[in-house]
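Per chain, numbering begins at 1; letters A, B, ... match sequence-line order. These numbers come from a predicted model, not from an experiment.
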Amino acid sequence: AQSVTQPDIHITVSEGASLELRCNYSYGATPYLFWYVQSPGQGLQLLLKYFSGDTLVQGIKGFEAEFKRSQSSFNLRKPSVHWSDAAEYFCAVGSRGYNKLIFGAGTRLAVHP
Amino acid sequence: DTAVSQTPKYLVTQMGNDKSIKCEQNLGHDTMYWYKQDSKKFLKIMFSYNNKELIINETVPNRFSPKSPDKAHLNLHINSLELGDSAVYFCASSQEVGGGGSGANVLTFGAGSRLTVL
């Protein structure tokens, strides 16, 4: 079955600390992978995506993610977190020619000053 | 300019009523979607339209009826509202990257419409 697992429901980090949010997927076809961020009361904003090529992708707001096929993972990282990064983060998987994105349950990030 | 706009942003109504949520995108995208986000923040696709044609219809009660008058609009009408329909409904649109039916779709989401059924 197709699924996305985000093992961490809540993560709290201190401002300036590094961050890694985990994402594992189960998908039968070649996956396209996405990270979206949702600030309180807002819609989802695309942070970055992986389609093919370099497995380390850069996104907006200083985020990056690494696709590891052998581990079926697409973890999101940021070297130094800012208080404004506090939000809900969603990993999603899709496939070429297929319009349906499957989302993980999300990871809520809290940032301590 | 808002790329994907939904109205209303908030909707509070009684059980049994009928309500609609409207969505418009000005990105020129061919495909539009409705997603439902429940109280646990879980996001699940409900419908997808491509050039006004329904292409994805997940297991959704037939009280929910999407309508796409043109490719820039996708409205969601809900009949006989139930308590369990309370959620945030997100509209999204996408354009295929790569083309030819073998590319990927990158979704742009609206800000959401929070529906509360009392």
Quick one: does Tyr35(B)'s side chain have a donor or acceptor within less than 3.5 Å of a partner on Leu101(A)'s backbone? yes
Is Leu54(B) atom CG crowded by more than 12 heavy atoms from other residues, nucleotides or ligands, each under 6.0 Å away? yes
Give a yes or no answer on whether the side chain of Tyr36(A) reaches the backbone of Leu107(B) with a donor-acceptor pair at less than 3.5 Å. yes
Which atoms of Lys44(B) approach chain A - backbone, side chain, both or neither, heavy atom under 4.5 Å: neither
Do Val60(B) and Leu81(B) land in one hydrophobic cluster if side-chain heavy atoms of ILVMFWY residues count as linked below 4.5 Å? yes
Gln38(A) versus chain B, the contacting section by heavy-atom distance below 4.5 Å: side chain
Spacing of Lys41(B) atom NZ and Phe103(A) atom CZ [to the nearest 0.5 Å]: 13.5 Å
So how far is it from Gln42(A) CD to Phe90(B) CZ, rounded to the nearest 0.5 Å? 9.0 Å
Just wondering, more than 12 heavy atoms not from Glu15(A) lying within 6.0 Å of its CD? yes
Contact winner vs chain A - Cys91(B), Ala111(B), Ala92(B), heavy-atom pairs under 4.5 Å: Ala111(B)
Hydrophobic cluster membership, with links at side-chain heavy-atom distances under 4.5 Å among I/L/V/M/F/W/Y: are Ile45(B) and Leu76(B) in one? no
Calculate, to the nearest 0.5 Å, the distance between atoms CG and CD belonging to Leu43(B) and Glu88(A) respectively. 9.5 Å
Set out, in order, the CA-CA distance, both residues' side-chain angles and the distance that settles side-chain contact (heavy atoms from CB on, under 4.5 Å) for Val106(B) and Leu46(A), then state yes or no. CA-CA 8 Å; Val106(B) 181; Leu46(A) 180 69; 3.4 Å; yes
Under 4.5 Å to a heavy atom of chain B? For Leu44(A) that would be both
Linking I/L/V/M/F/W/Y whenever any side-chain heavy atoms sit under 4.5 Å apart, do Leu56(A) and Tyr32(A) land together? no
In this structure, would Tyr10(B) and Phe109(B) fall into the same cluster of hydrophobic residues linked by side-chain contacts under 4.5 Å? no
Check for me, please, whether Tyr89(B) and Leu74(B) land in the same ILVMFWY cluster - side-chain distances under 4.5 Å, paths through other members count. yes
Is it the side chain or the backbone of Gln6(B) that comes within 4.5 Å of chain A heavy atoms, both, or neither? neither
